[in-house]
Student: 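Dropping a structure here in structure tokens format, bear with me for questions.
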Amino acid sequence: MTIDLFSDTQTRPTAGMREAMARAEVGDEQSGSDPTTNALCERVAAMLGMEDGVFMPSGTMCNLVSILVQTRAGDEIICDDQSHMYNTEAAGAAAIGGVSVKPLPTRVGLYSLAQAEAAIRVPQRTAPRSALISIEQTTSFSGGTVWDLGVMRAIRDLAHSKGIKAHIDGARLLNAVVATGIAAKDYAEGFDSAWIDLSKGLGCPVGAVLCGSREFVVEAWRWKYRLGGAMRQSGVLAAAGLYALDNHIEQLAEDNANAHRIHEAIRNAPGLAFDETAGQSNILCFSVAGLGVTAAAFAEACRKHDVRIRAIGRDQIRVTANLDVDRAGSERAAEVILATASTFASRAETPHSSSAGLPAGSLAQ
Ligand SMILES: *Cc1c(COP(=O)(O)O)cnc(C)c1O
């Protein structure tokens, strides 16, 4: 069986989750009368210390709606250049909101207070209006890095002092919570909008919950409806979310630990390069440039040994621990990655070597 570390989105609903979904009490979400969805929204809003919440089909819609509510056409938003919002949401801010994006250059998805300060524009008629700044906790494409609470708060306060809204893309906020022991509501305190994804490490088939003030959620609802995100008997889906909050948060700690184990096992592998921030949560990124092979070739070589990892760009590999891969699976994956690196490294030393896939049977099963 494949050890799938491609993404924590690949998780499948567990038997217990499916049972909870089957038993869910339901109503009409669109009119606010689905009791299970309402319970989920209240639960997440309380977790984040926010006044209210709204159930969304996806994290992508949470980001988009947060932008649509808190900006107007011609505004500019600020985020990091590795962010999901900037790279993999089909330019929704531009396409639907008429909003431009100022991506701040970062190595591991963290920008500094000084960068934020420099990015916020001085109001003048020739410039776009800086309207919203976004922080991705934890970072997705740059290795699950965890933002420091003090830096987040300093950026939030800076934003507010300039009349700008502060947003948390908390797709994996709970991975940060279990990694640091800092409560979700401490991270979200004072931010204008924040959300968590249910379909990543929490293992739900679908959904995310977007939170903010009561007024924010009124406007978020209008956009959700307009974009076609309003639902009917969504309690079936919300029940999966409630089940995950009851049963899968401890699993996130296990995911973080498995990524940490993989990191420990492969950090000294020949030709692999890690950032000093690597291994902070459930995502582990490293570069294979030192092996003289592309990330795609490296991932393909691991795939032949039933380990699925993700190539990002030319050189980066992303490994994402998740609830479908246990400790033994993680250890096996680390062995395969290590052996793959060693094989490519020894070829790189041999003249006339090729960087094609590994010879079959070069790894112990
Ligand atoms: C997955 C992800 C999203 C989008 O969430 P979907 O539920 O897949 O739409 C947004 N931001 C980050 C950081 C993510 O990892």
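In each ligand, atom 1 is the first atom listed, and ligand 1 is the first ligand listed.
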Student: Every pair of nitrogen or oxygen atoms between ligand 1 and the protein that is under 3.5 angstrom apart - can you list them with their distances to 0.1 Å?
Tutor:
from	atom 1	to	atom 2	distance (Å)
ligand 1	5 (O)	D197	OD2	3.0
ligand 1	7 (O)	G59	N	2.8
ligand 1	7 (O)	D197	OD1	3.4
ligand 1	7 (O)	D197	OD2	2.8
ligand 1	9 (O)	G59	N	3.2
ligand 1	9 (O)	T60	N	2.8
ligand 1	9 (O)	T60	OG1	2.7
ligand 1	11 (N)	D169	OD1	3.2
ligand 1	11 (N)	D169	OD2	2.6
ligand 1	15 (O)	R172	NH1	2.9
ligand 1	15 (O)	K200	NZ	2.7

Student: For H248 and Y243, take the angle between the two ring planes, folded into 0 to 90°, and tell me which bin it lands in: parallel under 30, tilted 30 to 60, perpendicular over 60.
Tutor: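 Perpendicular: the ring planes of H248 and Y243 meet at over 60°.
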Student: Answer with yes or no whether the side chains of Q70 and D192 bring together a donor and an acceptor at under 3.5 Å.
Tutor: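 No, because no side-chain N or O of D192 sits under 3.5 Å from a partner of the opposite role on Q70.
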Student: Run the side chain to side chain donor-acceptor pair (under 3.5 Å) check on T138 and Q280 step by step: do they pass?
Tutor: CA-CA 9 Å; T138 64; Q280 291 184 346; over 6 Å; no
Student: Are the charged groups of E189 and K185 less than 4.0 angstrom apart, N to O?
Tutor: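 No salt bridge links E189 with K185.
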Student: If a pair satisfies ring-ring contact (aromatic ring centres under 6.0 Å, His included) and one of its residues is in residues 71-92, list it, with sequence neighbours excluded.
Tutor: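 Qualifying pairs: H84-F141.
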Student: Count the heavy atoms of every other residue, nucleotide or ligand shown that sit under 6.0 Å from CD of E51, and state whether that count exceeds 12.
Tutor: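 It does: E51 CD has more than 12 such atoms within range.
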